[in-house]
Amino acid sequence: MTLGREEVERPGQVKIVFFPYGKREWFRRGVSLFDAAKALGIDLSSLCAGKGTCGKCKVKIEEGMKGLNPLTEQELKHVTEGEIEAGYRLACQAMPTTAVSVYVPERSRIGKQRLQTAGLEVQVKQLDPFVKKYFVKLLKPTLHDSRSDEDRLLDALNSGYGLPTDLDLDFEVCVDLASRLRDADWAVTAVVWKNKIIDIEPGNTSHRCFGFATDVGTTKLAGFLMDLNSGKILTVAARMNPQIPLGEEVMSRISYQMMEGQKGIKELQAVVVSGINEMIEECCEEANVEKNEIYELCFVGNTAMQLCFLGVYGRYVAFAPYPPVLRRGVNIRASSIGLTSHPRANAYHAPIIGGFVGADNVAVILATRMLESDEICMALDIGTNTEIDLGNKDLVLVTSCASGPAFEGMQVKHGMRAATGAIERVSIDPESLEINYRTIEDKPPIGLCGSALVDVPAELLKAGLIDLTGRFIPEMARETDRLRRGLKGIWEFVLAPQPETATDTDIIITQGDIRELQKAKAAMRTGAEILMKRLGEKRKEAVTEEDISKLFMAGAFGNYIDPENARTIGMYPELPLDRVEFVGNIAGTGSRMCLISKEERRYAEKIATTVKYHELAADEDFQKEYIDALYLPHKNLDRYPDTVNLLKRLGRIK
Amino acid sequence: MAEKEKILDRLRQAVILGETEECAKAAQDAIDAGIEPLKAITEGLAKGMEVVGEKFENKEYFLPEMLLSSEAMYASLDLLLPLLKTDEAETKEKIILGTVEGDIHDIGKNIVKAMLIAAGFQVIDLGKDVPASKFIEKASEEKAGIIAMSTMMTPSLMSMKDVEDQLEKKGLKGKVKTIIGGGTATEQWKSRIGSDAYGKDSVEAVNKVKTLVEEIKAAVKLIEKRRKKKRKK
């Protein structure tokens, strides 16, 4: 299902999709993947310019292998047997006759995908991890003191640190306890997780105690190697979620589980675990930490990701009324699902709130301290599903809106993810209609990423090129030839003409693209509106823009968008801009907090039961609010006085 | 005559511009002027919706405009439909429509409904979160030839397959034709589950439904022909 919506055939052509960019296009049959990538401006590395001699342009065929020509002789020189098995080809040698989806691995790219890992740093209430190390010197057994090895250890931990004498001793440790103690000459460090001794290490290793916190996002993974003694981040890694080729968003992943059964469930799990293991490896190497010095791992993901990660069948979470399978935090042995860490390390997945609101949202509430605030706050975690929280210490309501992937560059003609060459900022002079844009790493543009897709409709509106319904104003074609009729007579606007671009076409935004963006922003705005209404009913006094003291914008994308432009198109209620705070990858922050503090973890469990989930699509006002929110900025202009003033000054409305 | 034509044009314009009050007024004027209700619907409202459909196709119109136009049309239909002669109402092809089980999104479905009505079909709307068995029961009960299903979510696509499976089991496959649509439905999914058609938007859905109806009529004719032949023998 990853080849996208329009599955219709085109004679003599093939559809090619490149991941992780999410760029897709039709090409003539027989085109090489290399040429197709070039035409789309994808930064595939190559030294030989596609002759098949350098072996740099290795790509992985995710779907449609059958329609490719057999491996060429050149390829056999560069692609190993294992790689062939895994579906690797040289892009310059592979020529599809049927639709393919192609993954460009990190090493075959010139540019880098921009992955946001940084998030708000929040002081934990108490640095108090579940894993602690205790160095003890035991008394050797004598004829007068013939206590068991076990008691000897427990007594020492009790007298030295006041630990209870009924601690469990993991049986795997019992097996060779006797030799471990004697080999270490009775000076050992006990690794204690909760009430259990999970390892005995020779000598004093108490200064080396590590954990790994992960944010398991639908599209991105972020991992943090943490020093559990100091609570500090040592190293950070990020990856695209390698599950993407198995389904781009959560619904497709759940349906992958459904279609493929047990095999699919295992595959989704194995794939994400391998991505996490890569991050662990990378972080450990950089920080000079051994993988078996990681004693606990913490995971935060949305509900579908939780199920895919734990390998739990998730079918029913996808059907109304969307009941989740699990709700509380889950503890499992990390090694049992193939995570590389200490063999008895615990893996904790934070609790979730409901079918569409997962641990990532628990993390948002945890890290923003919303549930402790006197003032009402709103949090917006923008993604394919956008979670919105609203409330204060009395009550926090949360909802999830199917905003769709338009702002991630999907379903938009020249949309793409935030990678090298993506236009990330656009401005249009409202007088001269002159266009300025900036690309990631200042490379010639190949497409538009999310932050630009917020700018474009806002700038078009301010420049009077589209009206409040989002429609291009045909008369403006007289003012600028950038506004023109494209395919099937549909209006489109040229943002970067071909000579400037790294692709073989102009980079444009079509009327259809604007419609997709309107739908996405309307979904978010509807969520916010309905939460304001429902919270008002619960509090027995209306909640207005005035009452919202803070808007936290979370998520990687949220960090790069222009808050004013986002407000101009009505992505969120009109609040003064100084109340908007960008908090970055706050799911990662929450994951770290749960890793290093028992109290925060307990608090996360409490959040998951306290916050009230509101089902948006079942709300009686949904349809009406959604339609009103499709307008720019909103049907009800009274709600956007500042924006209306601006548009009046520019002469866009009377 | 010119007067009647003017009223029909007002009906068309009111639908295109989504003016509910004007549309109802024009309908009343049509009735008062002695225009046949069926004519007011087909020459007035339906023609207007056709233009609306075109504008939606080239993205000039969007969901709000579609809904406004639908509302305007309904306001008029409320007055005109009760005046249709019974045989006029009954000859209309029946379509069973609904959002499938597991999904509660119905904006798109409602727009398709309006477009189908404008195109002269009788739509039996089962609402949202409709179980497969309900689609089939209703189709049998109403002797409808077409089931139209919508969903916005990926997993509830499976519910469409449920409908196909149950049709198969009941031996109704082919006798009752299906069409699918909605945010996540695709041509590919249509083929995979053995549905008869896929409409990527409301305009395409109506065209496809028309084709299905033609197919059904052709099939019925063929059967009748064969029967006649048999009798002759």
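Here is the naming used below: chain letters follow the sequence lines, and residue numbers restart at 1 for every chain.
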Of the options B:Asp129, B:Thr99, B:Thr151, which is the one that meets B:Ser156 in a side chain to side chain donor-acceptor pair (under 3.5 Å)?
->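 Exactly one pass, corresponding to B:Thr151.
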
Portion of [X] that has a non-hydrogen atom of chain A nearer than 4.5 angstrom:
{"X": "B:Glu65", "value": "side chain"}
{"X": "B:Asp106", "value": "both"}
{"X": "B:Leu67", "value": "side chain"}

Between A:Met258, A:Arg315, A:Arg485, which residue shows the highest count of heavy-atom pairs closer than 4.5 Å to chain B?
-> A:Met258

Pair A:Asp621 + A:Arg534: basic N to acidic O under 4.0 Å =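 Yes, A:Asp621 and A:Arg534 are salt-bridged.
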
Tell me, for [X] versus chain B, whether the close heavy atoms (under 4.5 Å) come from the side chain, the backbone, both or neither.
{"X": "A:Arg471", "result": "side chain"}
{"X": "A:Tyr626", "result": "side chain"}
{"X": "A:Leu630", "result": "side chain"}
{"X": "A:Tyr631", "result": "side chain"}

Between B:Ile41 and B:Leu77, is any pair of side-chain heavy atoms under 4.5 Å apart?
-> yes

For the residue pair A:Tyr322 and A:Glu615, confirm or rule out a side-chain donor-acceptor distance under 3.5 Å.
->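 No, because no side-chain N or O of A:Tyr322 sits under 3.5 Å from a partner of the opposite role on A:Glu615.
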
Distance-only donor-acceptor check, side chains A:His634 and A:Asp628, under 3.5 Å | no

Pairs of heavy atoms under 4.5 Å with chain A: top-ranked of B:Glu57, B:Glu60, B:His105 =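 Of the candidates given, the most pairs with chain A belong to B:Glu60.
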
Atom CG of A:Leu487: over 12 foreign heavy atoms under 6.0 Å = no

Looking at B:Lys47, B:Arg10, B:Arg12, which one forms a salt bridge (charged side-chain N to carboxylate O under 4.0 Å, His left out) with B:Glu5?
-> B:Arg12

